[in-house]
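The next block holds one structure in the form of structure tokens; read it before the comments.
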Amino acid sequence: MKCPGCGYSESKVIDSRPVPEGNSIRRRRECLSCQKRFTTFEMIETVQIVVVKKNGGKEMFDKQKLLSGVLKATEKRPVDAVKLVDEIEAELQNTLRQEVSSTEIGEMVMDKLKAHDEVAYVRFASVYREFKDIDTFLAALNSLKGGTGKKA
């Protein structure tokens, strides 16, 4: 970090504090050449994720768009939609991939919903899988019933 006073590239950290938003750290530094003190901020660098849609189009990952879909599926259900979407976003960031398919994101949501709440899972699946008729819907219900061993 270059000193804003003399341009010397060596400094020592005197104090570090997290910023109230929690996404960066404020550091007080002192130049080792002229002893001038200055402040720097360090921020977490995140990967910009591009979502590859089913039709081949691409768009930036939009957490709010994903949250909107999950909120619809979890309405009046005991599922923390915000936490679920935060977990998915963290998993996507941890892959360090710049592109991910919308199908992969949809499957991640379905896996998490299936583990948390079967009703929310079926709601999400009915839109995500584009159920065309009652037979498709019943097949999904039967696979869910058979996969968990629960009785209807």
Side-chain angles (χ1 to χ4, degrees), residues 1-2 4 9 11-30 37-152:
M1 188 65 54
K2 284 188 177 183
S9 62
S11 63
K12 67 178 178 181
V13 176
I14 298 169
D15 181 42
S16 292
R17 296 181 191 187
V19 173
E21 294 85 37
N23 58 356
S24 62
I25 295 177
R26 176 185 179 271
R27 298 203 191 275
R28 287 291 295 158
R29 297 179 176 271
E30 183 177 296
R37 291 186 177 193
F38 57 99
T39 302
T40 60
F41 291 89
E42 292 181 16
M43 298 184 73
I44 297 171
E45 185 175 43
T46 57
V47 176
Q48 291 292 338
I49 299 170
V50 175
V51 177
V52 180
K53 307 294 280 180
K54 290 178 183 175
N55 66 5
K58 296 181 180 183
E59 65 182 51
M60 297 303 293
F61 174 75
D62 184 354
K63 183 177 179 178
Q64 286 306 120
K65 186 174 178 181
L66 180 59
L67 181 60
S68 173
V70 173
L71 282 170
K72 288 174 189 168
T74 60
E75 186 176 343
K76 297 183 182 179
R77 300 301 304 163
V79 177
D80 186 346
V82 174
K83 182 179 175 187
L84 190 133
V85 170
D86 285 344
E87 289 173 7
I88 290 170
E89 182 183 33
E91 287 176 28
L92 291 171
Q93 287 289 338
N94 289 337
T95 66
L96 300 177
R97 292 178 16 220
Q98 291 182 331
E99 287 189 359
V100 63
S101 70
S102 60
T103 304
E104 189 175 342
I105 294 172
E107 293 299 324
M108 291 171 77
V109 172
M110 298 225 337
D111 289 344
K112 289 197 177 293
L113 286 176
K114 191 173 190 177
H116 285 86
D117 187 88
E118 293 173 344
V119 173
Y121 165 79
V122 171
R123 286 179 183 170
F124 188 85
S126 68
V127 174
Y128 176 70
R129 301 250 190 229
E130 300 173 349
F131 292 168
K132 302 288 185 219
D133 54 31
I134 192 72
D135 293 329
T136 315
F137 195 80
L138 285 173
L141 288 175
N142 289 332
S143 71
L144 183 64
K145 183 179 169 186
T148 62
K150 291 183 181 176
K151 302 206 182 228

Looking at CD1 of I105 and CD of E91, how far apart are the two atoms once the value is rounded to the nearest 0.5 Å? 11.5 Å
Would you mind listing every salt bridge (charged side-chain N to carboxylate O under 4.0 Å, His left out) that reaches into residues 69-83, with sequence neighbours excluded? R77-D117
Are any of the side-chain nitrogens in E89 or K112 under 4.0 Å away from the carboxylate oxygens of its partner? no
Working to the nearest 0.5 angstrom, can you tell me the gap between L67 CG and D86 CG? 8.5 Å
Please identify which of these residues, L84, T74, D111, meets the side chain to side chain contact (heavy atoms under 4.5 Å, CB included) condition with H116. L84
Before giving the answer on side chain to side chain contact (heavy atoms under 4.5 Å, CB included), spell out for E104 and V52 the whole-Å C-alpha distance, their side-chain angles and the decisive distance to 0.1 Å. CA-CA 10 Å; E104 189 175 342; V52 180; over 6 Å; no
Where N55 and G57 come nearest, the two heavy atoms and their spacing: OD1-N, 2.8 Å
Can V100 and F61 be said to form a side chain to side chain contact (heavy atoms under 4.5 Å, CB included), step by step? CA-CA 9 Å; V100 63; F61 174 75; 5.8 Å; no
Find the distance between CD (E99) and CD (Q48) and round it off to the nearest 0.5 Å. 13.0 Å
Grab the two heavy atoms, one from M43 and one from S24, that are nearest each other, plus how far apart they are. CG-CB, 3.6 Å
As a test of understanding, state which of R29, R26, R28 forms a side chain to side chain donor-acceptor pair (under 3.5 Å) with T40. R29
Could you tell me which non-hydrogen atom of G69 sits nearest to which non-hydrogen atom of F124, and how far apart they are? O-CD1, 4.2 Å
Rounded to the nearest 0.5 angstrom, the CD1-CG distance for I49 and L96 is 9.5 Å
Does K58 NZ have over 12 foreign heavy atoms under 6.0 Å away? no
Approximate separation, where rounding is to 0.5 Å, of M108 CE and L113 CG: 12.0 Å
Apply side chain to side chain contact (heavy atoms under 4.5 Å, CB included) to M1 and R27, showing your working. CA-CA 11 Å; M1 188 65 54; R27 298 203 191 275; over 6 Å; no
Nearest atoms (heavy-atom pairs only) where V51 meets S101: CG1-C, 4.4 Å
More than 12 heavy atoms from other groups under 6.0 Å of NZ on K63: yes
